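Written out below as structure tokens is the structure these notes cover.
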Amino acid sequence: MKRNTARGPFHRLHKRIWNLSRFLRKTLWFMLRTGAPWPLVARNFVDGFAREAIEREHFDAKAAFVAEIETLDFSGRWFVDHVPMWLSVVRDTGLDRRERVEALEIGSWEGMSSLFLLDTLPQARLTCVDTWGGGDEHHDAEHGVVAEMSRVEARFDANNAAHAGRIVKFKGYSRDYFVAHRDRERFDFIYVDGSHFADDVVHDAFDAFAALKVGGVMIFDDYLWRYYSDPLDNPASAVAALVRIKAGSCRILRAYQQVVLVKTGTGHSEPRG
Ligand SMILES: C[S@@+](CC[C@H](N)C(=O)[O-])C[C@H]1O[C@@H](n2cnc3c(N)ncnc32)[C@H](O)[C@@H]1O
């Protein structure tokens, strides 16, 4: 794949002005409506500019991943746009330098994000939690996402066959997974990409935060997704609630289509006595 070198300073300036006006018109309103605290707003604003450089830096790695998935069986490829940002997070948090990585994924679908994580971190073991029954959006003809659900889990298995020994599957609802696995601070990395209905995302967010080690990394997908008509029903309001309540024990590392947090404290203070 060829790198586009024709884009000069004028193009970049134009893109920045466009990003700024879009941020003010759409994103800022939505973030405030869903309760985003100011540090999250600021991070989203700054990362709108940083994104281009991250994408340029990891252009070749993204192309290599695209070539890999073309040999496999995926019905869509939404995840590939996150590859540059994930690579920058892996490097900046030193996940690639940890001897062992225990990872958890809430929502695996056909296994594209699982594949990328296991390709990128050969020392990782990944627990994949999914009903393999789809979320609201996968049963919604109006939004054109109705999928052949019967084939989704088989695709997940086939696409990750090379990494099968490093995957533990939990087939069921994420709430049931967390009820059955109460072990706190077990994971180095958690990806939250299951149900996108805020009530479910709130549960996933707080349960996942408790299950994350101090120093661990957590990524939320579709932070700015507006699927439900009431803004508060979308993932953004759940992410905002977590970031507000755990403000003293997490750091916002990135925020644009996805929000990346690093856990800096247990998030559970002692009684005042
Ligand atoms: C957007 S897809 C995941 C995509 C995947 N992370 C990727 O990037 O390749 C969301 C998945 O979450 C699953 N899901 C939806 N609600 C769930 C719930 N409450 N518990 C567990 N899985 C759920 C769906 O079956 C679907 O496979």
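Bear in mind the structure is a predicted one, so any value in this text is a computation, not a measurement. Counting convention: from 1, in listed order, for ligands and their atoms alike.
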Contact (N/O only, under 3.5 Å) between Asp130 and ligand 1: yes
Flag, side chain of His196 to backbone of Gly194, donor-acceptor distance under 3.5 Å: yes
Proximal atoms of ligand 1 relative to Tyr191 (non-hydrogen, under 4.0 Å): 6 (N)
Under 3.5 Å: donor-acceptor pair, side chain of Asp188, backbone of Glu102: yes
Minimum-distance protein heavy atom relative to atom 8 (O) of ligand 1: Ser113 OG, 3.2 Å
Numbered atoms of ligand 1 (with element) below 4.0 Å of Ser108, judged on heavy atoms: 5 (C), 9 (O)
Whether His181 side chain and Tyr177 backbone form a donor-acceptor pair below 3.5 Å: yes
Option set Trp225, Trp132, Phe170, Tyr173, criterion heavy-atom distance to atom 18 (C) of ligand 1, minimum: Tyr173
Contact atoms of ligand 1, heavy-atom distance to Thr131 under 4.0 Å: 21 (C), 22 (N), 25 (O)
For Met112, the ligand 1 atoms whose distance to one of its heavy atoms is below 4.0 Å: 9 (O)
Ligand 1-proximal atoms of Ser114, by part, heavy-atom distance under 4.0 Å: neither
Polar side-chain atom of Lys263 near backbone of Leu212 as donor-acceptor pair, under 3.5 Å: yes
Short side-chain to backbone donor-acceptor contact, Thr127 and Leu104, under 3.5 Å: no
Check: Gly135 main-chain N/O paired with His138 side-chain donor or acceptor under 3.5 Å: yes
Whether Lys246 side chain and Gly267 backbone form a donor-acceptor pair below 3.5 Å: yes
Side-chain donor or acceptor of Glu185 paired with backbone N/O of Thr266 under 3.5 Å: no
Heteroatom proximity flag, Asp193 to ligand 1, N/O under 3.5 Å: yes
For atom 20 (N) of ligand 1, closest protein heavy-atom neighbour: Ser174 N, 2.9 Å
Any N or O of His196 closer than 3.5 Å to N or O of ligand 1: no
Trp78 touching ligand 1 at heavy-atom level, < 4.0 angstrom: no
Short N-O contact, Glu105 and Lys169, less than 4.0 angstrom: no
For atom 16 (N) of ligand 1, the protein heavy atom that lies nearest, with its residue and separation: Ser195 N, 3.2 Å
Distance-only N or O hit between ligand 1 and Gly134, under 3.5 Å: yes
Gly107 N/O to ligand 1 N/O under 3.5 Å: yes
Location of contacts on Tyr177 toward ligand 1, heavy atoms closer than 4.0 Å: neither
Glu137 N/O to ligand 1 N/O under 3.5 Å: no
Check: Thr264 side chain, Ser249 main-chain N or O, donor-acceptor pair, under 3.5 Å: yes
Mutual orientation of the aromatic rings belonging to Trp109 and Trp78 [parallel < 30°, tilted 30-60°, perpendicular > 60°]: tilted
